[in-house]
K.L.:
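Have a look at the structure that comes next, please.
In each ligand, atom 1 is the first atom listed, and ligand 1 is the first ligand listed.
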Amino acid sequence: MSTLRPESITVKAGRPEEPGAPLNTPIVMTAPFRHDPVDNHYARHDVTDTVQSFQTVLGALEDGQALAYSSGIAAVSCVVDTLPVGTVAVVPTGQYSGTVRIFDEAERLGRLQVRRADIADAAAVGAALPGAGLLWLETVTNPLMAVPDLPVLAAAAHRAGAIVGVDATFSTPLVVRPLDHGVDVVMHSATKYLSGHSDVLLGALVTRSAALYDTLWQRRSLAGSIPGGLETFLATRGLRTLALRMERAQANAGELALRLAAHPRVTRVRYPGLPADPGHEVAARTHLGFGAMIGIELDGTAEEAEAVCERLQLITHATSLGGVESLIERRARHEVDASFGTPDSLLRLSVGIEHVEDLWDDLLQALL
Ligand SMILES: *Cc1c(COP(=O)(O)O)cnc(C)c1O
């Protein structure tokens, strides 16, 4: 399977192969399994075929072993909960608000020592690393759109004796495979692009280390953060079209970013695909695309930025991202995002797969 290209893996992997089998792995709804002479299966430990099918496709895409979780944040928690008390964790100054909260709480409880660094600045990360046990990154930060240099930071972390985890939710394995750049564990909120239809809450971790896989498997089993059968079925179904969805969403985003950058009401567009973007060089060198998330800063107040969201008709004013439908929100409305300096007027646009001219017409009428 690993010789196939990702577009084919998304279609081919994780299906029953034996003669007479259904083409798709059925939704298996069970907690217990009947005893057999040697094993004692239970779905919190030994996932069903439905969950395994999702793990197989994602594992093949990342060329590692995948573990599915009941949400993206459950996957982050699983990594954090395996760290011994007192571990030094180096984390981004600004990142997904739920992850900020997890590290803040671990610090407050005295579980971890947390050091925050601008992960787009390799020297700043390097200065924070001595004594660290974990470096946590995002492939593209939410919502400030900074792009860390994965190979450089992973090498620095390993020299310091730290393992490296990265939240690749904004990128998907089609845009970057962090394990190829030396990262130890990749995390996805499969709620977003991997499922792709905004109808599922699901997370995943992928690693190439058998020892790390084992530790994470044990922790997931203890915490009970296994996903449901329906969710993983929907996610696997979503993965089948991931390549096409990403292709269209990225093409739309690239075009909209260019047009928005030239709009008089827009003061800054944060999108690594724009040559002037601070993340452009790193993304062009280490990623295969620029993703479909755009940060739009407006000339105006928070209220005026909220009003733009309200005037949009095709683009939906809602949190979340990565679905077929375009979503937008002013991120500083969230206390955590405001706390790490997200500009008041910054709108995070998740570009979907609609017709680009319809999206542009909608933005034009709303930006006035
Ligand atoms: C949504 C999101 C998460 C959390 O995932 P859930 O599936 O909602 O728990 C983590 N990281 C990023 C970048 C996200 O966008």
Side-chain angles (χ1 to χ4, degrees), residues 51 54-55 58 66-81 91-106 119-120 136-148 150 165-173 175-176 178 183 185-206 220 223-228 230-232 234-235 238-239 246 249 253 270 272 279 283 287 291-295 318-323 325-331 333-334 336-337 340 342 346-352:
V51 177
F54 169 78
Q55 294 181 153
L58 183 59
L67 292 142
Y69 291 82
S70 48
S71 67
I73 214 68
V76 178
S77 298
C78 187
V79 174
V80 171
D81 291 348
V91 308
T93 312
Q95 63 173 335
Y96 173 66
S97 57
T99 311
V100 170
R101 283 207 173 93
I102 289 201
F103 283 107
D104 282 358
E105 189 204 41
I119 62 169
W136 187 260
L137 302 169
E138 292 186 340
T139 52
V140 179
T141 67
N142 183 358
L144 299 179
M145 305 297 292
V147 186
L150 294 180
V166 63
D167 180 338
T169 299
F170 272 29
S171 302
T172 83
V175 169
V176 63
V183 166
V185 58
V186 185
M187 173 260 156
H188 291 283
S189 169
T191 307
K192 316 293 170 50
Y193 290 103
L194 303 186
S195 297
H197 297 75
S198 306
D199 51 6
V200 160
L201 202 57
L202 195 75
L205 295 175
V206 194
R220 182 183 66 174
S225 43
I226 290 271
L230 179 59
E231 283 77 6
T232 42
L234 286 170
L239 276 171
M246 286 305 288
R270 294 170 182 252
H287 295 193
M293 298 300 300
I294 304 179
T319 198
S320 201
L321 58 109
E325 60 289 305
S326 297
L327 301 181
I328 197 164
E329 77 170 334
R330 190 179 69 84
R331 278 307 290 190
R333 66 173 17 230
H334 300 280
V336 171
D337 290 54
F340 59 70
T342 300
L346 177 84
L347 302 181
R348 185 188 71 186
L349 174 61
S350 169
V351 180

K.L.:
Which pairs with one or both residues in residues 137-147 pass side chain to side chain donor-acceptor pair (under 3.5 Å), sequence neighbours excluded?
P.N.:
Thr139-Ser171, Asn142-Arg348
K.L.:
Just verifying a value: how many Å separate Ile73 CD1 and Arg101 CZ, rounded to the nearest 0.5 Å?
P.N.:
9.5 Å
K.L.:
Donor-acceptor pair, Ser350 side chain versus Gly322 backbone, under 3.5 Å?
P.N.:
yes
K.L.:
Who pairs with Asp337 by salt bridge (charged side-chain N to carboxylate O under 4.0 Å, His left out), at least two apart in sequence or on another chain?
P.N.:
Arg331
K.L.:
Taking Lys192 as the fixed residue, which of Thr172, Thr169, Val200 is the one that meets the side-chain contact (heavy atoms from CB on, under 4.5 Å) rule?
P.N.:
Thr169
K.L.:
Which residues pass the side chain to side chain donor-acceptor pair (under 3.5 Å) test with Arg333, not counting sequence neighbours?
P.N.:
Glu306
K.L.:
Distances under 3.5 Å, N/O of ligand 1 against N/O of the protein: list each pair and its distance.
P.N.:
residue  : atom   : partner : partner atom : Å
ligand 1 : 5 (O)  : Ser189  : OG           : 2.9
ligand 1 : 7 (O)  : Gly72   : N            : 2.8
ligand 1 : 7 (O)  : Ser189  : OG           : 2.8
ligand 1 : 7 (O)  : Thr191  : OG1          : 2.6
ligand 1 : 9 (O)  : Gly72   : N            : 3.0
ligand 1 : 9 (O)  : Ile73   : N            : 2.9
ligand 1 : 11 (N) : Asp167  : OD2          : 2.6
ligand 1 : 15 (O) : Lys192  : NZ           : 2.7

